[in-house]
Amino acid sequence: MNDYIVIKKHRSNYPNPLTLIKGQSVIMGEKYEGPENWENWIFCTTQSEGNQKISGWVPMQLLDTKGTEAIVLEDYTARELNAGNLQLADDYFL
């Protein structure tokens, strides 16, 4: 297990992150284009989460695409960690 030192505080802007389960169907939106050059990230929306649809960025390699819809190939979450200065994190949390 590796340890990591947090060098900058971070607070997630997404309190309700996208969480997908293998076999789940999603609606695909735009492909990411921005200064970070994250290639092959697609903005996806769940078909339904009760009465709430949840959206977020998903790596293309986790999707079996069928037109504007896709099937998730493995479990995935877009959860971000909150971190303060000088905290240690290990692989368990990453």
Side-chain angles (χ1 to χ4, degrees):
M1 188 175 301
N2 295 316
D3 290 331
Y4 301 89
I5 298 174
V6 175
I7 59 172
K8 184 177 177 183
K9 289 181 182 179
H10 175 77
R11 172 82 40 203
S12 174
N13 293 320
Y14 307 99
N16 191 18
L18 177 69
T19 299
L20 303 172
I21 299 169
K22 181 179 178 177
Q24 185 174 357
S25 179
V26 294
I27 300 167
M28 296 189 317
E30 66 182 300
K31 182 176 178 181
Y32 180 82
E33 293 182 18
E36 293 87 359
N37 292 319
W38 296 340
E39 294 184 22
N40 299 317
W41 284 77
I42 306 293
F43 195 75
C44 293
T45 302
T46 58
Q47 297 283 8
S48 67
E49 288 287 328
N51 292 330
Q52 180 182 12
K53 292 183 178 184
I54 300 174
S55 299
W57 294 100
V58 179
M60 187 69 159
Q61 65 266 26
L62 298 183
L63 302 172
D64 179 14
T65 61
K66 298 177 187 335
T68 60
E69 295 186 10
I71 302 298
V72 179
L73 298 174
E74 60 184 76
D75 293 351
Y76 172 77
T77 183
R79 179 176 168 249
E80 293 182 359
L81 297 178
N82 294 319
N85 283 340
L86 301 177
Q87 283 184 312
L88 287 176
D90 60 39
D91 291 336
Y92 177 79
F93 295 104
L94 299 177

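When side chains are defined from C-beta on, Val58 counts as touching Leu63, because their heavy atoms get closer than 4.5 Å. At least one side-chain heavy atom of Leu20 sits less than 4.5 Å from a side-chain heavy atom of Thr46.
When the shell of 6.0 Å around CD of Glu33 is examined, it contains 12 or fewer heavy atoms from other residues, nucleotides or ligands. Summarising the local packing, CD of Glu39 is surrounded by 12 or fewer heavy atoms from other residues, nucleotides or ligands at distances under 6.0 Å.
Both Ile54 and Leu62 sit in one connected hydrophobic cluster of ILVMFWY residues. Membership requires side-chain heavy atoms under 4.5 Å apart, directly or through other members. The hydrophobic cluster containing Met28 also contains Tyr32, counting ILVMFWY residues as joined when their side-chain heavy atoms lie under 4.5 angstrom apart, directly or transitively. The same ILVMFWY cluster, assembled from side-chain heavy atoms under 4.5 Å apart, contains both Met60 and Trp38.
Interatomic distance, CG of Leu73 versus OG1 of Thr65, reported as 9.5 Å (0.5 Å rounding). Rounding to the nearest 0.5 Å gives a distance of 5.0 Å between CD of Gln52 and CG of Asn16. Atom CD of Gln61 sits about 9.5 Å away from atom OH of Tyr76, to the nearest 0.5 Å.
Remark: side-chain polar atoms of Asn82 are paired, donor with acceptor, to backbone N or O of Ser12 under 3.5 angstrom. Checking side-chain atoms of Glu69 against main-chain N and O of Lys66 turns up no donor-acceptor pair under 3.5 Å.
The minimum heavy-atom distance between Lys22 and Asp75, with the atom names listed, is N-OD1, 2.8 Å. Between Ala78 and Pro17, the shortest heavy-atom contact is C-CB, 3.9 Å. Among all heavy-atom pairs drawn from Cys44 and Leu18, the shortest one is O-CD2, 4.4 Å.
Listed by chain and residue number, Phe43, Trp57 satisfy the side-chain contact (heavy atoms from CB on, under 4.5 Å) test with Glu30 (two or more places apart in sequence, or in another chain).
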